[in-house]
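Let me begin by presenting the structure, written as structure tokens, before commenting on it.
All figures in this text were calculated on a predicted structure; none of them were measured in a lab. All chains are named by letter (A, B, ...) in the order of the sequence lines, taking the proteins before the strands, and each is independently numbered beginning at 1.
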2 protein chains.
Amino acid sequence: MINKISTEKCKSSIKALEDAMYVIGGKWTLRVIIAIKDGHTRFNDLQRTIDGISAKVLSGVLKDLEQNGFVKRKVDIGVPVVVEYELLPYAESLQDVLNALVSWGEAHRNKLIKVQEMSIAQP
Amino acid sequence: MINKISTEKCKSSIKALEDAMYVIGGKWTLRVIIAIKDGHTRFNDLQRTIDGISAKVLSGVLKDLEQNGFVKRKVDIGVPVVVEYELLPYAESLQDVLNALVSWGEAHRNKLIKVQEMSIAQP
DNA sequence: GTTACTACTTACCTTATGTATAGTAGTAAC
DNA sequence: GTTACTACTATACATAAGGTAAGTAGTAAC
């Protein structure tokens with residue numbers, strides 16, 4: 001028997017999750033944030049660091065990140081023009097999410113490797 | 001100047017993130033887990049709780065969750081046949097991820113509402 | 001004069017994901 | 001006899017995200 005209170009709480013959790021995933025659930029969004037955090041601030045540098053991302057997609061992700069207040073686009077007029085992307089303080093609010101996802105991802109990968117080893121040892 | 005160590009660490013973080021998002025980054029995956037956690041164990045109950053999910057998608061998500069060891073499918077033969085989905089212990093390892101995402105989603109929503117209020121107050 | 005660097009943009013194509021609608025089968029209430 | 005419940009499955013269609021490849025513009029090295 002499900003009571004109404006738990007269901008309401010459940011629905012609001014699901015809504016919050018939706019909001020989060022809408023903003024940071026894209027295939028590349030968090031990868032770009034991690035790379036910028038690591039010190040890769042320029043476009044081509046980011047593209048080289050993030051395996052498999054195309055210029056088009058990177059450009060789109062950076063625009064979204066700017067709109068959502070995670071990143072600032074800084075243009076240094078010179079020869080050649082250099083554009084730098086800086087993380088804004090709001091990006092730090094994602095730290096818990098990033099830590100949780102990265103460490104869960106590592107643990108999950110280790111689990112898969114163990115399962116694989118066991119199936120090789122005892123086929 | 002980026003040193004090699006930080007870049008390697010960055011790439012491995014990105015890989016871990018990829019692994020995590022591959023398993024739980026689907027649009028509905030975590031929503032279904034939250035709903036089961038909340039006590040909604042039957043198919044139609046889940047479909048009613050998770051707004052907008054179709055039977056086809058729910059069916060597919062439940063199969064994935066079963067394959068990944070998050071959920072157990074329990075069939076009670078009776079009239080009518082009742083199928084119950086139970087969370088397995090491995091699903092608990094997602095607790096940190098869920099907490100982080102839900103609380104970030106709530107905070108983000110509150111931030112958006114504040115920004116909206118300010119733009120109405122001072123147009 | 002051809003290649004490479006800076007940082008992208010544009011157009012097109014593919015694929016994954018999701019949506020909508022209907023159908024299956026057995027039972028039972030109205 | 002029609003509706004509703006159980007839990008799905010099947011089919012067809014729509015959309016949106018992402019992938020591919022080429023182009024732009026200015027400079028500079030070879």
Worksheet item: By side chain to side chain donor-acceptor pair (under 3.5 Å), which residues pair with R109(B), not counting sequence neighbours?
Response: D19(A)
Worksheet, complete the sentence: Residue set satisfying side chain to side chain donor-acceptor pair (under 3.5 Å) with E106(B), at least two apart, ordered chain then number -> none
Fill in: Interatomic distance where CG belongs to L58(B) and P belongs to dG18(C) [whole Å]
12 Å
Discussion item. By nearest atom, which of the nucleotides dA7(D), dT9(D), dT6(C) is closest to the R42(B) side chain?
Written reply: dA7(D)
Practice prompt. Dot-bracket notation for DNA chain C is requested: 5' to 3', Watson-Crick or G-U wobble pairs only, both distances under 3.5 Å, with ( ), [ ], | and . as defined.
Written response: ||||||||||||||||||||||||||||||
Fill in: All pairs passing salt bridge (charged side-chain N to carboxylate O under 4.0 Å, His left out) where residues 50-61 of chain A contributes a residue, at least two apart
D51(A)-K11(B)
Discussion item. Taking only side-chain N and O atoms of Y85(A), does any of them lie within less than 4.0 angstrom of OP1 or OP2 on dC8(C)?
Written reply: yes
Worksheet item: Which letters describe nucleotides 19-30 of chain C, given B = protein heavy atom under 4.0 Å from base, S = only from sugar-phosphate, - = neither?
Response: BB------S---
Determine all donor-acceptor pairs shorter than 3.5 Å in which one atom belongs to a side chain in residues 65-76 of chain B; sequence neighbours excluded.
| residue | atom | partner | partner atom | Å |
| --- | --- | --- | --- | --- |
| N68(B) | ND2 | D64(B) | O | 3.2 |
| R73(B) | NE | Y85(B) | OH | 3.3 |
| K74(B) | NZ | E86(B) | OE2 | 3.0 |

Worksheet item: Applying ring-ring contact (aromatic ring centres under 6.0 Å, His included), which residue pairs with at least one partner in residues 8-31 of chain A are found, sequence neighbours left out?
Response: none
Worksheet item: What is the nucleic acid contact for R31(B), judged by heavy atoms within less than 4.0 Å: base, sugar-phosphate only, or nothing?
Response: nothing
Fill in: Residues in side chain to side chain donor-acceptor pair (under 3.5 Å) contact with Q47(B), at least two apart in sequence or another chain
none
Fill in: For atom CD of E66(A) and atom P of dA7(C), their distance in whole Å
15 Å
Worksheet item: Looking at dA7(C), dT9(D), dC8(C), which one has an atom nearest to any side-chain atom of S59(B)?
Response: dT9(D)
Discussion item. The criterion is side chain to side chain donor-acceptor pair (under 3.5 Å); which residues satisfy it with S93(B), sequence neighbours excluded?
Written reply: W104(A)
